[in-house]
Structures are given as structure tokens and as C-alpha cells.
Amino acid sequence: MAAAATMAAAARELVLRAGASDMEEEEGPLGAGSGLQEPLQLGELDITSDEFILDEVDVHIQANLEDELVKEALKTGVDLRHYSKQVELELQQIEQKSIRDYIQESENIASLHNQITACDAVLERMEQMLGAFQSDLSSISCEIRTLQEQSGAMNIRLRNRQAVRGKLGELVDGLVVPSALVTAILEAPVTEPRFLEQLQELDAKAAAVREQEARGTAACADVRGVLDRLRVKAVTKIREFILQKIYSFRKPMTNYQIPQTALLKYRFFYQFLLGNERATAKEVRDEYVETLSKIYLSYYRSYVGRLMKVQYEEVAEKDDLMGVEDTAKKGFFSKPSLRSRNTIFTLGTRGAVISPAELEAPILVPHTAQRGEQRYPFEALFRSQHYALLDNSCREYLFICEFFVVSGPAAHDLFHAVMGRTLSMTLKHLESYLADCYDAIAVFLCIHIVLRFRNIAAKRDVPALDRYWEQVLALLWPRFELILEMNVQSVRSTDPQRLGGLDTRPHYITRRYAEFSSALVSINQTIPNERTLQLLGQLQVEVENFVLRVAAEFSSRKEQLVFLINNYDMMLGVLMERAADDSKEVESFQQLLNARTQEFIEELLSPPFGGLVAFVKEAEALIERGQAERLRGEEARVTQLIRGFGSSWKASVESLSQDVMRSFTNFRNGTSIIQGALTQLIQLYHRFHRVLSQPQLRALPARAELINIHHLMVELKKHKPNF
């Protein structure tokens, strides 16, 4: 019905629009109409009113035109006036039909009304019943709440009674002294497990009684006397047992680690003394400190003394410096030298002492070494002595912390009370030895031994030796620097004229430096130290200056270069055996060797091929400046150079090779120099060819006598030496 009403309204709107359109067509341009004309029903439209707005009418018309039904009607050409009347007629018919339907169903509607009224009555009765039931539930809920409150109160009373019973039970259990405890404390030996168990029980009961006494519990007075008597008995037995173990340390040839291990099994004994009889605990601790302090001091004093007897008899002295000549100690009253001074500066196998396998190897046994007539350098003795000190100190520190229940500063103080005298004695012995020690390698190895032992102590979580390690290093570093500075000064003050006859072979002072520097560099690479590198840098500068001073003693430049190359090559070879290829020392000597080798090659080629070298350099300079025309005046000189080279180059190369073989001790270095010289000769002759290819010299008849460059290369390969 709503859709029909909408359609009717749309039809009316279309009729109005169509009427207006027809009127416009009939009037024509002059407004004169002809034929029949339907009267236009404007309804209540007031065209004189000010409220009439044409824009709103246009909007309304446009909206109706966009309606789908109106569009369909306009599209099919339906007469809107006739269609509007038809729609109104259909609406009236539908309305009449609807009224007849309501009249036919009136009885059913009345019956439905009666049923609804009956349902309302039933629902009202049910509402009354539910209200009564709700009131009954409210009363039941109040009763349940009351029961819950009563149950909660009963639970609280039960818990309180249980808590009181538990407290009273604990109190009674803590105060009652069972017969098993009394029997064990009075009769059982302290080494039996049941004595230790009952001692722990006694300690717990004594602590409980003290706590209850502080709270004012009167029942403690009933058991105080029994506990005191048991405590005194236990303290007496424990004191005798611990002191007996401590006194067993004093027996000769006793391995004190066994009694220490036994004491650790009964470490609760000292805790009991500490908690119940502090005076006795202090007595036991003082007796332990006094006994072990004397034992360690006696043991290490004897061990160090016997250990020094197996040191090498021949040690470095103050005159065994790098710059001291071998002939310096040839006086009538000087004792004969049983060793070579060069071994003082050589590492050899001594560096193995800081290897992981050797560092923690078993300590040396002096009487066994004496029977086998074995001798050791100082660093091996130092390693053995300090490894024994490290091992015993770590064990002692851990025992002190565990048995005497101390940590932090208290543990440090107790440790130094036990080991302090031993450590002081060791420092005094080291200081006394270093005062007359001139073996820099030994001192440097000792420094690295200490650095590694310090790391081991840190891994074992024993910080008590940190101060001792710092004191040892404070003795070793200054002595090492002093010995190094003495060697630097000895090289600086060496007079080449006092060294006797000189030759071009490597000098023994440079060999000493090479061995010494490579030894220190290889050791320092494991744990780098900047101060060591600085001192080695000073020594290197002085050695380089020394080599230059000695080279200046030779009359010819060629001999000077041979001497420099031999020494640089020797030092570089020794350094590369132990030091890393990228170390500062290796790079420095490599640069020096390359520079002097290049200069020597030029010096070597100068006598036989000097004219050729000079001409090529002059010609290339003229060509570069654009003055190649001046080469026309050099035809005679060029001809002489071509013929001279062709006739003498083979003999010159042979003489050159033999000269190099005689001059250099290192065959590999000699091979390299000869190869460099031949390569430079080929390059020189190739440059000579290019100069002769210039237009000014291209027509020179002597060019036909030039040796083919490839033929020259093949011939020179025959002269390549095979050392």
C-alpha cells in the first residue's frame, strides 16, 4: 500500500508537469493558445506570496524526475493523467477489500483478545508464587551466612591451636636434651660420624636456648646447666683433636697437605668453637698460623738455597754487554772464558719455560738434579720456585677460607699472617740476586712467568697473591730496563777502530743484536708491552748507527755496501725466525736492506756498463725535453757503446757473478742480488734499444750489431747462479 501511495504521488506530480508543458506548446511564441485546454489545478499555491521560491520548485521537480518509476513512465510514453486516475481507483479497491477482511476475522480477533486476558491472569498468579519463593530463599540465605560465620570462627580457633601446638612443640624439642646426644658428646671419639652429628645438634640446641633466653622463656633455666657442661666437654675434645693435627705438621718430612685435608672433613669443629668458645677458637687459629708460618719459611728457605746450587756456573757479568768486543778480557790475570759471550744474547730453547706445558710442569728437585749433574738457567729455577709458591699459596688460601670461615679482607689478613714471612724472604732473595744479574733475557722471561702465574691465580680465584706479584714485577722491570740501557750505551760508545781487523762479513755485535732482539720480540709477542718496544727501538737505532760507523771504516763504497747488506741481511734473517713478519723491526731492516741492495746493484753495474748507463740517462733526458736532434752528434759514441757491449758483456757478467759470490755470506741473498743486477741490465739494454729507435739514430750502421733483446735474456739466464 505504501508503494501504491508513492506511485500515486508521483503520478500527480507528472500530471502537473505535463500540463505545464502542454500549455507552453499551445501558447506558442506569442502566448496565444489554440484548441481544448485542461484547467491547471494549482491547489493552494499562492503565487503572490513572498515565500514562493522558484529554486526550491526546481529542486523538487528534479528530484521527482530522477525517481525510477517516473523515469520508466516517461520512457514508455504513459499518459500520466489517466495513469493517476487508475492508481487512485486501485487504492480504493484495496481499501474496500481490507475492510471486508477485517470484518470476516472479527470473531477470531475477539477470541484472541479473550485468550490474552486469560494468559495475563495466569502470569499474575505465577508472579505471586515467585515472589513468595523469593522471600523463602532470602530467609535461607541468611541462615547459610550465619553458618558460614560460625564455620570461619571455628577454623580460626583450630589454626590458632595448631600454631600454638607447633610453637610449643618446637620449643620443647629445642630445649629437651636427648640421651643419645649426651652419650655421644661424653663417650664417642671426635672422629666418629655420630659425634659430629650430635655436635651439630648440640650447637643447634645451644643457639635455640640463647634465642629463647633473649625472649624471656623461663624453661631455659632447666636445661642451661646440662648444655653448658656438654659444651665444655665438646670444646675440650675438639681443641685437643685440632691441636694434635696442627702439631703433626711439625714432624720432619711430613706432607702437611694430608693433615690439612683431614681437618677439612671436620671444619664444623672450628665453626662450633667460633660460635661457643671464641677464646679457644683464637688459640687454635693462632697456633695454626704460627706453625704453618714457620714450616713454609723453613721449607722455602731450604728449597731456594738448594735450588740455586743447580744454576749454571757461568752467568752473565757486568762486562757481558752487546757492545763489548770479544778481545776485551785478554789480560794476564783475567780468568779464562769457558763460554761464548754470544750465547748470553741467544734465546735458544730457553723460551720453552713460558710455554703452557713447561709453565705448570712439576717443580725441580734439587738433589735429583745434583745427582744427575744437571744445570739450569735462572729463569727455570725462578719458574720452579714460584710455581711451588703459587700452588701452595692457592691451596693455603682456599683452606683458610673454608676451614676458618673467612672471606674478603679477613681472608687476606689471615693468609698473609701465614705466608707473609715466606713471601718477604722470597722477595729479599730475588732482590739480592737481581743486584748482580746482567742477563736481560732471563729477567724478561721471569717477568713473563710472573704475568702468566698471575693469570693462573686469577683463574683459581685466589686474589691474595696480587700484591706479591706487583712487588716482584716492581723488582724485575727496573732491572730489565737497566740492563737494556747498559747494552744501548755499550753499543753507542763502541769505537770501530778498536775492534781490530774488519771485513765485509756480518759483525759479531750485529749478530748479538739480532739474536737478542729476536729473543725479546718473540717473548713480547705473547703479552705485548709498549715499554719493551720503546727500549728495543732505542737499541735498534744505536745498532744501525754502529753499522754505519763500521761501514765508514772501509775505503770503497762497494765494500761499505757489501758490509751493510751482509749485516742487514743477517739481522733480518734472525729476526724473521722468531718475530712476526709484520713486526716493526722486520719492516725496518727490510727497507734498509732493499735500499742498500739497489744501491749496490747500481755500483756493481757501473764499472763495466757505466758508459751505457750514462748515455741512456742523457738521451732519455734530451728526448723528454724535446731536444732529440742533439742525438745526431752522438753517433760515434753510440757506435762505440754498441761494439763495446757486444764484445765484453759476457765476461763482465761472469766477473760480476763471481764478485757477488765472494762478497756475500748468504748464498740466497747473493742469488737475489745477481738476479736483480741481471734484470736491471736487461732493462738498461732495452732502454738503449728504444733510444736507438729514434729517427735521429735509426739510420746508424752500427744498429745492425745490436744484440737481440730476447737473445740477451736467454744468454743471461745461463749465467743465473745456482747456490
Subject >> Within 6.0 angstrom of Arg625 CZ, more than 12 heavy atoms from elsewhere >> reply: yes
Original post:
Taking atom CD of Gln162 as the centre, does the number of heavy atoms from other residues, nucleotides or ligands within less than 6.0 Å exceed 12?
Top reply: yes
List the atom of [X], the atom of [Y], and the distance in Å for their closest heavy-atom pair.
X      : Y      : answer
Asn108 : Glu105 : ND2-OE1, 2.5 Å
Phe403 : Leu263 : CE1-O, 3.3 Å
Ile185 : Leu230 : CG2-O, 3.6 Å
Thr532 : Phe444 : OG1-CE1, 3.5 Å
Tyr397 : Ala464 : CD1-CB, 3.5 Å
Lys237 : Ala184 : NZ-O, 4.2 Å

**OP:** Please check if any side-chain donor atom of Asn594 sits under 3.5 Å from a side-chain acceptor atom of Gln598, or the reverse.
**Re:** no
**OP:** Decide whether Tyr468 and His386 meet the rule of one side-chain donor and one side-chain acceptor closer than 3.5 Å.
**Re:** yes
Subject >> Phe269 and Tyr266 aromatic centres sub-6.0 Å >> reply: yes
**OP:** Just jot down the side chain to side chain donor-acceptor pair (under 3.5 Å) partners of Glu396, sequence neighbours excluded, or say none.
**Re:** Gln260, Tyr288, Tyr296
Subject >> Test side chain to side chain donor-acceptor pair (under 3.5 Å) applied to His448 - qualifying residues, sequence neighbours left out >> reply: Arg452
Would you confirm whether [X], through its side chain, and [Y], through its main-chain N or O, come within 3.5 Å as a donor-acceptor pair?
X      : Y      : result
Arg383 : Ala361 : yes
Ser141 : Leu137 : no
Ser135 : Ala132 : yes
Ser106 : Tyr102 : no
Thr183 : Ser179 : yes
Ser151 : Leu147 : no
Lys97  : Gln92  : no
Ser139 : Asp136 : yes
Arg267 : Leu264 : yes
Ser693 : Arg690 : yes

For a 4.5 angstrom cut-off between non-hydrogen side-chain atoms, does [X] reach [Y]?
X      : Y      : result
Tyr387 : Ile449 : no
Met419 : Leu465 : no
Phe272 : Arg231 : yes
Leu199 : Ile238 : yes
Phe415 : Cys401 : no
His113 : Ile109 : no
Thr146 : Gln150 : yes
Val353 : Leu359 : no

**OP:** Test side chain to side chain contact (heavy atoms under 4.5 Å, CB included) on Val190 and Leu196 and set out the steps.
**Re:** CA-CA 7 Å; Val190 296; Leu196 179 59; over 6 Å; no
Original post:
Who passes salt bridge (charged side-chain N to carboxylate O under 4.0 Å, His left out) against Glu192, sequence neighbours left out?
Top reply: Arg194
**OP:** Can you sort out the partners of Glu620 under salt bridge (charged side-chain N to carboxylate O under 4.0 Å, His left out), two or more places apart, ordered by chain and number?
**Re:** Arg687
Original post:
Are the charged groups of Glu149 and Arg145 less than 4.0 angstrom apart, N to O?
Top reply: no
Subject >> side chain to side chain contact (heavy atoms under 4.5 Å, CB included) between Leu398 and Arg395, intermediate numbers included >> reply: CA-CA 5 Å; Leu398 297 176; Arg395 185 180 294 107; over 6 Å; no
Looking at [atom1] of [X] and [atom2] of [Y], how far apart are the two atoms once the value is rounded to the nearest 0.5 Å?
X      : Y      : atom1 : atom2 : answer
Arg125 : Gln128 : CZ    : CD    : 8.5 Å
Leu274 : Arg285 : CG    : CZ    : 8.0 Å
Leu593 : Ser588 : CG    : OG    : 11.0 Å
Gln590 : Leu572 : CD    : CG    : 5.0 Å
Met154 : Ile156 : CE    : CD1   : 12.0 Å
Phe404 : Leu273 : CZ    : CG    : 10.5 Å

**OP:** Apply side chain to side chain contact (heavy atoms under 4.5 Å, CB included) to Gln93 and Leu89, showing your working.
**Re:** CA-CA 6 Å; Gln93 292 175 356; Leu89 180 61; 3.9 Å; yes
Subject >> Of all pairs that satisfy salt bridge (charged side-chain N to carboxylate O under 4.0 Å, His left out), the ones with a partner from residues 455-471, not counting sequence neighbours >> reply: Glu360-Arg460, Asp391-Arg460, Arg454-Glu470
Subject >> Residue pairs fulfilling salt bridge (charged side-chain N to carboxylate O under 4.0 Å, His left out) with at least one residue in residues 403-418, sequence neighbours excluded >> reply: none
**OP:** Please test Gln200 against Asp203 for side chain to side chain donor-acceptor pair (under 3.5 Å), starting from the C-alpha separation and ending with a verdict.
**Re:** CA-CA 5 Å; Gln200 293 174 342; Asp203 186 60; over 6 Å; no
**OP:** Name the orientation class of the two ring planes belonging to Trp469 and Phe453 (parallel below 30°, tilted from 30 to 60°, perpendicular beyond 60°).
**Re:** tilted
Original post:
Taking the inter-plane angle between the rings of His416 and His412 on a 0 to 90° scale, is it parallel (under 30°), tilted (30 to 60°) or perpendicular (over 60°)?
Top reply: perpendicular
Subject >> Trace of the side chain to side chain contact (heavy atoms under 4.5 Å, CB included) decision for Asn529 with Trp477 >> reply: CA-CA 11 Å; Asn529 179 268; Trp477 273 116; 3.5 Å; yes
